Protein chains: 2
Amino acid sequence: MPQNRRPVPKEQKRKELLAAAAELFVVEGYDAASVSRIARAAGVTTNTLYWYFRDKDELLVAAAEVFLRALLTEHATKADEPLAEQLAWLVEQLRPIRHLVVTVHARIALSTAIAEWHSGFHETVEELFERQLPGEIPASARAQEAAAATFALEGAVIHDLDPTTTRQLCRSVAERLQQATQVAGRSVSD
Amino acid sequence: MPQNRRPVPKEQKRKELLAAAAELFVVEGYDAASVSRIARAAGVTTNTLYWYFRDKDELLVAAAEVFLRALLTEHATKADEPLAEQLAWLVEQLRPIRHLVVTVHARIALSTAIAEWHSGFHETVEELFERQLPGEIPASARAQEAAAATFALEGAVIHDLDPTTTRQLCRSVAERLQQATQVAGRSVSD
DNA sequence: ACCTGAACACCGTTCAAGT
DNA sequence: ACCTGAACACCGTTCAAGT
């Protein structure tokens, strides 16, 4: 129905299309949410989407970015809670979009846009974890500790672990991050 | 060229088709390896594949199973090496088929065959890890330790971590598994 | 600048027909 | 029992044409 005269400014319309895509990506998954379905949900023709987005992967990147920004913003308000609680909260937030998490990994090889966003994502998250580490740890061990924590959480999200095991996992990841000094030192020196 | 008379017994032909599929899955990835390409590579028509396999996902499951069996068999010969070495070896073996690992996760929601194989896979792997744990650990903590180890390795495979970080990660996972008693006890009791 | 209808080359899967 | 040619309903993407 929205003819040509663009009753709506460009950026806002882009956001509307993106919202429709994000919604469908989450509830149906990337593959099932075809471009034509997304377009229909947004009230436009299929190829209109290609005016606002280069391809379907750019739509996925944009959706992932929106979720990530929202997550980080809300997480900032919880910075003074115990680390284990923060982690459990993160897992809980990511669980409903595990479809997206897993699809991003699957498409790294197929789309450079996805690949780039994904490495940016890991930089962000690991930096966040490294901030929790005590100061005097060698750089390589820091990277390993942050990676291990990230993988543990990603695993908990992807495999949807039951709640009690998730809590235990988060507690032990948190403990590990905050006490990494001795263990890391031991691992490196022997 | 292989007409009708079936010069080849059923099970063997199935294996040949599977081999062609597995090869293409690994080198091109699941999506890029279309059913028609697989068929051509195996020297048959597209729909012949559907005589031997229910659908493309069953092909993926069969390929994954072949890789897993081979991996476990070869791993059995390394049972007396240090655990950290075993883990690093596992990661190294899985790295070339990370495409498959990630695709299996992505397709859990789309195929019950994949979903079932995947949970069997985790049972196998986690059982393998639980055997490394000292005896007197509560069941729930055992599950969490095994899951954490699995996720760490899966993460290392999927994100292809650089070799030195991988080694460090494997060492600390191994250490963690073998010393889990105190930590698990502490995590549970506080 | 924005949007469309129609087409393109593919995809996984099925079916009726052959031997 | 095994295999095929031809079709089906889709897919993501593009393009010439409209305003």
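Since we're looking at a predicted model, the values are computed, not measured. All values below come from the heavy atoms of this structure, side chains included, with hydrogens, waters and symmetry mates left out. Proteins get letters first, then strands, A, B, ... in listed order; numbering begins at 1 in each.
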Original post:
Roughly how many Å is it from CH2 in B/Trp51 to P in C/dA16, rounded to a whole number?
Top reply: 15 Å
Original post:
Taking atom C1' of D/dC2 as reference, at what distance in whole Å does atom OH of B/Tyr52 sit?
Top reply: 6 Å
Subject >> Within one Ile-Leu-Val-Met-Phe-Trp-Tyr cluster: B/Val27 and B/Val35, side-chain cutoff 4.5 Å >> reply: yes
Subject >> Electrostatic pair B/Glu85:B/Arg167 at N-O distance under 4.0 angstrom >> reply: yes
Subject >> A/Arg171/A/Glu175 salt bridge by N-O under 4.0 Å criterion >> reply: no
Original post:
Should the pair A/Lys15-A/Glu11 be classified as a salt bridge under the 4.0 Å nitrogen-to-oxygen rule?
Top reply: no
Original post:
C/dC2 P sits how many Å from A/Phe53 CZ, rounded?
Top reply: 13 Å
Subject >> Spacing of A/Lys13 atom NZ relative to C/dA1 atom P, expressed in whole Å >> reply: 16 Å
**OP:** Please work out whether the ring planes of A/His118 and A/His122 are parallel, tilted or perpendicular, with thresholds of 30° and 60°.
**Re:** perpendicular
Subject >> Value in whole Å for how far the P atom of D/dC11 lies from CG of B/Leu110 >> reply: 14 Å
Original post:
Does D/dT19 have a Watson-Crick or wobble mate here (both distances under 3.5 Å), and if so which one?
Top reply: C/dA1
**OP:** Provide the Watson-Crick or G-U wobble partner of D/dA7, both distances under 3.5 Å; none if there is no partner.
**Re:** C/dT13
**OP:** Could you tell me the separation between the CG atom of A/Leu49 and the C1' atom of D/dC11, rounded to a whole number of Å?
**Re:** 14 Å
Original post:
So, is A/Thr45 near the phosphate of C/dT4, with a side-chain N or O under 4.0 Å from OP1 or OP2?
Top reply: yes
Original post:
Does a side-chain N-to-carboxylate-O contact under 4.0 Å join A/Arg142 and A/Glu126?
Top reply: no
Protein-nucleotides 12-15 of chain D N/O pairs under 3.5 Å:
| unit_1 | atom_1 | unit_2 | atom_2 | d |
| --- | --- | --- | --- | --- |
| D/dG12 | OP1 | A/Lys56 | NZ | 2.6 |
| D/dG12 | OP2 | A/Val35 | N | 2.9 |
| D/dT13 | OP2 | A/Tyr50 | OH | 2.7 |
| D/dT13 | OP2 | A/Lys56 | N | 3.0 |
| D/dT13 | O5' | A/Tyr50 | OH | 3.3 |
| D/dT14 | O4 | A/Asn47 | ND2 | 3.4 |

